[in-house]
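Hydrogens, waters and symmetry mates are skipped; everything else that's a heavy atom, side chains included, is used.
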Amino acid sequence: MASEVSICNLAISTFGLGKTISALDEASAEATQCNIQYENARDQTLEEHDWKFASVEQSLALTGTAPARWGYSYALPSNCIIPREIINTSSEDPIEYEVALSSDLTTRLIYTDRADAVLRYTAKVTDPNKFSIGFINALYCRVAMGIALPLTQKDERLQAASRLFAIMLSSAQVNDANTGHKFHERDASWTSSR
């Protein structure tokens, strides 16, 4: 089972220090740095790609008055990391929208001309057991980037972690994009000619 600690231990292991942590709040430099970096690294990695495990479709709740250039104002769901699209059931054309902050700076809003808008977005998934393996690999590398200099004081460790992150993220994005595609049976002439 994946956990925040196991993901952080993967990050620590990239430096070959021979150390691990048993909790993010333990009294060690490794745990302190992982505790500082983990949540931001997770959320930033969620934002990087339209991860299928974190994709949510939700009807939006009307709120306030939209600016004159838009027809409707909706509250963004509180667990929304990044909006991906307003679902268009009538065509494949994208529906335009704008993300803004309310005038009292308390609510994230989305403006659009779509009535009864349904938003597809990347949710803030915090349970590591919901993460895909590819996401876990990209996440531990992003954590490693954040902890590299504080733990090793070596720029080459940061550079190596950055390169590893780019590789892991790219691989995870490809695998995630290919998840759930439909495969069609080959036509009967192909199977009969075998």
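- The backbone N or O of Leu151 sits nowhere less than 3.5 Å from a side-chain atom of Arg157 that would complete a donor-acceptor pair.
- The nearest pair of heavy atoms linking Tyr121 to Gln58 is OH-OE1, 2.9 Å.
- In this structure, the side chain of Asn79 does not engage the main chain of Ala123 through any donor-acceptor pair within 3.5 Å.
- The aromatic rings of Trp51 and His49 sit perpendicular to each other, their planes meeting at more than 60°, with 30° as the lower class boundary.
- For the pair Glu57 and Arg84, the salt-bridge criterion is not met [side-chain N within less than 4.0 Å of a carboxylate O].
- Remark: Thr14 OG1 to Asn9 CG distance equals 11.0 Å, nearest 0.5 Å.
- Each of Asn88, Val118, Leu119 was evaluated against Ile95; a single residue qualifies, Asn88, per the side chain to side chain contact (heavy atoms under 4.5 Å, CB included) test.
- Side-chain contact check for Cys8 versus Leu24: some heavy-atom pair is nearer than 4.5 Å.
- Between Tyr140 and Thr45, the closest side-chain pair of non-hydrogen atoms is not below 4.5 Å.
- One distance of note links OH of Tyr38 with CD of Glu4; it measures 4.5 Å at 0.5 Å rounding.
- Between the side chain of Thr122 and the backbone N or O of Asp50, no donor-acceptor pair lies under 3.5 Å.
- Considering all non-hydrogen atoms of both residues, Ala75 and Thr63 come closest at N-CG2, 3.3 Å.
- Remark: Gln159 CD is packed, more than 12 non-hydrogen atoms of other residues, nucleotides or ligands lying under 6.0 Å away.
- Two residues are said to be in side-chain contact when any heavy atoms from C-beta on lie closer than 4.5 Å; Ile12 and Thr20 fail this criterion.
- Note on Leu109: it does not cluster hydrophobically with Tyr74, by side-chain heavy-atom contacts below 4.5 Å among ILVMFWY residues.
- Put simply, the side chain of Lys130 never gets that close to the backbone of Val125: no donor and acceptor are under 3.5 Å apart.
- At least one side-chain heavy atom of Ile110 sits under 4.5 Å from a side-chain heavy atom of Ile86.
- A distance of 5.5 Å separates CG of Leu46 from CD1 of Ile81, quoted to the nearest 0.5 Å.
- Put simply, the side chain of Glu85 does not reach to within 4.5 Å of the side chain of Pro94, judged on heavy atoms.
- Nearest heavy-atom pair, Ala100 versus Tyr111, reported as atom, atom and distance to 0.1 Å: CB-CE1, 3.6 Å.
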Would you sort out whether Lys124 and Glu39 count as a salt bridge (Lys or Arg N to Asp or Glu O under 4.0 Å), showing the intermediate values?
-> CA-CA 10 Å; Lys124 182 174 187 165; Glu39 186 176 345; 3.4 Å; yes
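- Distance alone, capped at 3.5 Å, places no donor-acceptor pair between the Ser170 side chain and the Ile167 backbone.
- The closest donor-acceptor contact from the side chain of Ser55 to the backbone of Lys52 lies at 3.5 Å or more, if one exists at all.
- Side-chain contact between Ser28 and Ile21 is present, with at least one heavy-atom pair separated by less than 4.5 Å.
- Asp43 CG to Ile82 CD1: the interatomic distance, rounded to the nearest 0.5 Å, is 12.0 Å.
- Thr179 places a side-chain N or O within donor-acceptor distance of the main-chain N or O of Asn175, the cut-off being under 3.5 Å.
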Arg120/Val56 under side chain to side chain contact (heavy atoms under 4.5 Å, CB included): CA gap, chis, key distance, verdict | CA-CA 5 Å; Arg120 191 176 65 76; Val56 174; over 6 Å; no
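- Minimum heavy-atom separation, Ser90 to Arg114: OG-NH1, 4.2 Å.
- By the 4.5 Å heavy-atom criterion applied to side chains, Glu96 and Asp113 are not counted as neighbours.
- No side-chain donor-acceptor contact under 3.5 Å links Arg42 to the backbone of Thr126.
- Under the 4.5 Å side-chain heavy-atom criterion for grouping Ile, Leu, Val, Met, Phe, Trp and Tyr, Val99 is connected to Tyr72 within one hydrophobic cluster.
- The main-chain N or O of Ala2 is never found under 3.5 Å from a side-chain atom of Ser6 such that the two would form a donor-acceptor pair.
- Trp70 is not connected to Ile87 by any chain of hydrophobic side-chain contacts under 4.5 Å among Ile, Leu, Val, Met, Phe, Trp and Tyr, and they are in different clusters.
- Nearest heavy atom pair, residue Ala144 against residue Phe15, reads O-CZ, 3.3 Å.
- Hydrophobic clustering (ILVMFWY, side-chain heavy atoms < 4.5 Å, transitive): Leu17 and Met145 are in one cluster.
- Grouping the Ile, Leu, Val, Met, Phe, Trp and Tyr side chains by contacts below 4.5 angstrom, directly or via other members, places Val5 with Leu10.
- With contacts defined as side-chain heavy-atom distances shorter than 4.5 Å, the pair Leu169/Cys141 does not qualify.
- Around CG of Asp116, the count of heavy atoms belonging to other residues, nucleotides or ligands within 6.0 Å does not exceed 12.
- A distance of 11.0 Å separates OG in Ser102 from CG in Leu76, rounded to the nearest 0.5 Å.
- A pairwise comparison of heavy atoms in Val143 and Cys34 identifies CG1-SG, 4.4 Å as the closest pair.
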